[in-house]
Amino acid sequence: MNDLLSLIKKDLTSLIEKLFNEDVIKNNISNKLTIDYNSKSKQGDLSSNLLFILKGQILNKSFNINEYVENYLSNLEYIETIDIHKAGFVNIVLTKDYISNYLNKIYILENIYTKTNKQKINLEFVSANPTGPIHIAHLRGAVLGDVLSSILERIGHEVTREYYVNDAGSQITILGNSLFKRYQELCGKNIQFLDGEYPGNYLIEIAEEIKNSDNEKWLSVKDSNEVQSYFEQYAVKYLIKKIKDDLLLLNIKFDQFTLESEIVKNNLIDKVFSILKDKNLIYEGILEKPLTVDTEDWEPRKQLLFRSTTFSDDNDRAFQKSNGEWTYFANDAAYHFDKYKRGYDKLINIWGADHIGYIKRMVSIVDVFSNKKEYLKVIVCQIVRLFKDNQLLKISKREGNFVTLQEIYKQVGKDPLRYFMISTKNETPMDFYMDKVVEKNKDNPVFYCQYAYARASSVINNAKKLPNIDISKISFTDFDNLSISKFEWEIILKLISWPYILQDAASTMQPHKLTNYLEDLCSSFHAFWNKGKDDSSLRMLDENNITSTISRIIWIQSFRNILKEVFTIIDISFPENM
RNA sequence: GCGCCCGUAGCUCAGUGGAUAGAGCAACCGCCUUCUAAGCGGUAGGUCAAAUGUUCGAAUCAUUUCGGGCGCGCCA
């Protein structure tokens with residue numbers, strides 16, 4: 001929490017403790033205390049539920065709690081006035097000095113954030129299979145993961161951005177096969193794709209590369225394993241490179257790529273297996289037929305199962321296939337074991353909505369080997385529906401005709417993509433209108449906020465031209481409380497609440513709180529800008545009133561500083577001129 | 001059938017125990033000789049899907065119902 005609120009909370013908490021120690025109230029209920037920036041009513045800067053929670057606790061009915069609280073608070077140095085609302089809210093107006101003191105930190109961009117206990121966090125996201133290019137279904141998680149990482153870094157954590165590459169398993173075999181078919185096709189053979197194979201055009205490019213360097217050499221290689229493995233590896237390597245390049249369009253970079261094949265090679269599954277075995281969480285059993293499978297396709301078989309139901313999952317889950325191979329789940333568990341062994345304080349995964357059913361077993365198994373509760377946090381992002389010309393772009397998984405990141409990027413660009421992908425809460429399904437996000441008007445919050453920054457920058461540039469003010473010599477000691485209007489104090493209070501907003505976004509892991517804040521703050525700025533048209537005393541620059549002009553330059557610079565902070569975290573541009 | 005998520009203004013969404021439930025768009029009425037009108041102000045628009053419960057207080061929590069999305073092999 002930000003210094004300001006935690007300081008005041010400390011004082012209110014000790015008030016509650018005092019009342020408890022003096023036997024005025026029944027219980028120490030300080031854990032129910034809340035204090036917040038007062039955005040809802042205009043009755044003060046901050047509000048607290050203090051009296052609500054004290055009311056039911058008073059032992060002596062004749063004790064005048066309102067008066068007691070009022071006296072106590074009035075003596076605190078940072079409180080200008082307090083107002084006890086009849087419903088039970090305590091509304092606090094802070095002294096101008098106190099608010100100015102915090103504004104100063106933002107003006108000089110120092111000590112804005114309270115030091116947190118630094119944690120080593122691993123954030124795994126995207127992790128799309130290297131069987132095709134990045135497309136719309138991966139986009140939201142990609143940006144969400146990147147921005148969330150930046151948020152956590154900003155408050156002092158050390159974040160590893162990680163990508164897990166599923167380069168083992170049957171999908172990769174099929175990929176290799178499909179690529180070889182494309183190669184054969186280029187060599188003049190007739191080919192046909194089966195259901196479940198990869199007919200996408202992107203494999204043709206890869207096949208062309210191979211044909212250009214090796215000609216028809218692979219047609220005559222007898223060892224089919226050699227062919228298979230060559231085409232698999234070539235495809236995976238090529239596609240990983242392509243995925244990296246695509247993500248770079250949005251400036252998304254990873255610190256680490258971990259290969260499933262390496263996890264398998266290092267026998268980590270055996271280790272996880274023996275831990276489970278020791279804890280009696282694995283057994284040989286037969287699963288019931290799932291509802292989604294036709295009866296004729298189902299054959300009950302004995303295999304090793306993980307006791308997922310112990311952790312309130314619907315079913316126990318297959319850990320080893322009946323043919324002796326490990327399941328995908330086993331590999332993935334081993335991968336998480338690997339992350340755990342690397343010594344992170346916390347693991348975060350971002351998954352698409354299509355993996356919801358997989359969360360329970362993964363979180364459970366990580367709990368088991370890490371011996372920690374909620375060591376792994378899985379964030380789910382809901383699907384994005386893409387609209388163009390107000391028409392829903394239908395996708396068919398079967399045909400694999402997803403709109404690729406590259407295609408969307410070409411039409412929309414980086415800033416709107418990054419902004420909109422995080423501006424809706426991750427659990428809410430999102431509609432993305434490709435035409436609207438590039439419009440340059442109020443309809444489009446990206447431009448609305450960037451425009452506010454440009455306007456503020458323009459004020460500062462004009463201030464540099466004022467004959468009687470040297471902007472480079474302004475320091476915070478020149479800030480005059482009295483020349484600031486009421487409306488501006490509201491903006492300044494919003495600036496001060498920024499560390500609280502960031503902290504909140506970090507602890508709830510919800511980056512959309514940043515864009516909400518940004519839009520609210522910029523709206524206040526645009527409103528104030530226009531007030532100067534009706535009332536010339538509210539114009540930001542006034543040659544005839546140096547004191548108020550200097551004070552305004554200070555908060556406008558602070559406003560720009562905060563905007564820069566938010567834009568930087570979201571990683572979109574902030575042009576000075578538009 | 002089961003699990004998770006969602007249901008808030010005509011539309012897209014915030015708000016998830018607190019005050020008279022908020023923004024933007026769309027509609028209607030206004031504001032450019034002066035710091036960027038790519039902007040601002042105002043009007044209108046609500047059974048917070050429904051019911052019951054929990055308590056000082058519920059859009060928010062619980063239970064149930066209805067509607068929508070996603071998922072429900074030994075695939076990945």
Side-chain angles (χ1 to χ4, degrees), chain A residues 32 34 36 38-41 43 47-49 51-53 55-56 85-89 91 129 131 166 168-172 174 196 260 287-293 297-299 301 303-305 312-315 317-332 352-360 380 382-383 385 423-431 433 436 439-445 447-448 450-452 454-463 508 512-513 515-516 519-520 523 525-534 536 539-542 552 556 577-578:
Chain A
K32 288 185 178 169
T34 61
D36 283 298
N38 213 343
S39 52
K40 287 202 172 156
S41 88
Q43 302 182 36
S47 76
S48 171
N49 64 349
L51 281 168
F52 281 117
I53 61 172
K55 260 184 196 167
H85 189 268
K86 58 176 184 285
F89 289 99
N91 294 304
N129 287 352
T131 52
N166 297 121
S170 59
Q171 291 306 310
I172 298 300
I174 296 170
E260 183 183 5
L287 285 172
E288 280 177 35
K289 185 186 84 66
L291 281 158
T292 45
V293 174
D297 292 343
W298 180 255
E299 203 181 305
R301 286 179 191 158
Q303 59 186 145
L304 290 178
L305 304 173
S312 71
D313 198 356
D314 321 343
N315 281 305
R317 304 293 178 177
F319 197 79
Q320 192 181 45
K321 304 180 194 177
S322 53
N323 66 6
E325 286 174 26
W326 298 114
T327 60
Y328 175 81
F329 171 50
N331 286 0
D332 209 4
D354 54 343
H355 285 77
I356 280 178
Y358 195 70
I359 296 174
K360 201 101 202 183
V380 173
Q382 286 292 334
I383 51 165
R385 294 191 304 170
S423 64
T424 305
K425 199 169 44 171
N426 57 292
E427 297 111 341
T428 307
M430 180 194 299
D431 289 343
Y433 293 84
K436 283 204 167 174
E439 281 176 12
K440 298 184 175 182
N441 54 34
K442 218 184 151 192
D443 207 352
N444 183 349
F447 283 88
Y448 183 77
Q450 286 173 330
Y451 186 49
R455 275 181 155 179
S457 302
S458 160
V459 172
I460 298 302
N461 285 329
N462 288 328
T508 58
H512 76 279
K513 296 191 176 204
T515 52
N516 283 353
E519 287 165 34
D520 180 45
S523 166
F525 181 82
H526 284 305
F528 182 67
W529 177 282
N530 278 275
K531 280 183 193 293
K533 295 192 189 303
D534 300 330
S536 61
R539 286 176 64 80
M540 298 181 186
L541 304 177
D542 183 356
R552 283 178 178 147
I556 292 164
N577 299 296
M578 290 175 72

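Fair warning: this is a prediction, and the values are worked out from it, not measured in the lab. In what follows, chains carry the letters A, B, and so on, assigned in the order in which the sequence lines appear, proteins first and then strands, with residues in each chain numbered from 1. What you see below is based on every heavy atom in this structure, not just the backbone, and it leaves out hydrogens, waters and symmetry mates.
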K.L.:
Go through B:A14, B:C5, B:C74 for me and flag the one nearest to the A:Gln382 side chain.
P.N.:
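Side chain of A:Gln382 sits closest to B:C5.
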K.L.:
Base, sugar-phosphate, or nothing: which does A:Lys533 touch, judged by heavy atoms less than 4.0 Å apart?
P.N.:
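Here A:Lys533 touches the bases of the nucleic acid.
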K.L.:
For the side chain of A:Ser170, counting heavy atoms from C-beta on, which of B:G18, B:C5, B:A76 is nearest?
P.N.:
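When the side chain of A:Ser170 is considered, B:A76 is the closest of B:G18, B:C5, B:A76.
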K.L.:
Go through B:U12, B:A38, B:C35 for me and flag the one nearest to the A:Leu541 side chain.
P.N.:
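So the side chain of A:Leu541 is nearest to B:C35.
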K.L.:
OP1 or OP2 of B:G15 sitting under 4.0 Å from any side-chain N/O of A:His512?
P.N.:
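A:His512 to B:G15 OP1/OP2: side-chain N or O found under 4.0 Å.
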K.L.:
Could you tell me whether A:Lys321 atom NZ has more than 12 heavy atoms of other residues or ligands within 6.0 Å of it?
P.N.:
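Result for NZ/A:Lys321: enclosed.
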K.L.:
Side chain of A:Ile356: nearest nucleotide among B:G69, B:G39, B:G18?
P.N.:
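That would be B:G69.
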K.L.:
If you only use heavy atoms from C-beta on, which nucleotide in B:G3, B:G18, B:C35 is closest to the side chain of A:Asp314?
P.N.:
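Closest nucleotide to the A:Asp314 side chain: B:G3.
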K.L.:
Show me, range against range, the stems involving RNA chain B, built from at least 3 consecutive Watson-Crick or G-U pairs below 3.5 Å.
P.N.:
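So far as stems of 3 or more pairs are concerned, RNA chain B shows B:1-7 with B:66-72, B:10-13 with B:22-25, B:27-31 with B:39-43, B:49-53 with B:61-65.
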K.L.:
Compare the minimum distances between each of B:G41, B:A76, B:G18 and the side chain of A:Asn49, then state the nucleotide with the smallest one.
P.N.:
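For the A:Asn49 side chain, the nearest candidate turns out to be B:G18.
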K.L.:
Indicate, with a heavy-atom threshold strictly under 4.0 Å, whether A:Ser47 touches base, sugar-phosphate, or nothing.
P.N.:
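Since a base atom lies under 4.0 Å of A:Ser47, the category is base.
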K.L.:
Taking only the side-chain nitrogens and oxygens of A:Lys360, find out if one of them lies under 4.0 Å from OP1 or OP2 of B:G71.
P.N.:
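Checking A:Lys360 against B:G71: no side-chain N or O falls below 4.0 Å of OP1 or OP2.
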K.L.:
On the nucleotide B:A14, are OP1 or OP2 found under 4.0 Å from the side-chain N or O atoms that A:Thr428 carries?
P.N.:
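Looking at the OP1 and OP2 atoms of B:A14, one of them is under 4.0 Å from a side-chain N or O of A:Thr428.
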K.L.:
If you take all heavy atoms of A:Gln320 and A:Gln303, which pair is closest and at what distance?
P.N.:
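Smallest interatomic distance, heavy atoms only, reads O-NE2, 2.9 Å.
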K.L.:
Is there a stack between A:Tyr448 and B:A38, judged by ring centres under 5.5 Å and planes under 30°?
P.N.:
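Stacking between A:Tyr448 and B:A38: absent.
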K.L.:
Measure from the side-chain heavy atoms of A:Lys321 and tell me the nearest of B:C75, B:C13, B:A38.
P.N.:
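Of all the options, the side chain of A:Lys321 is nearest to B:C75.
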K.L.:
Closer than 4.0 Å, any side-chain N/O of A:Trp326 to the OP1 or OP2 of B:C74?
P.N.:
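For A:Trp326, the contact criterion (side-chain N or O under 4.0 Å from OP1 or OP2 of B:C74) is not met.
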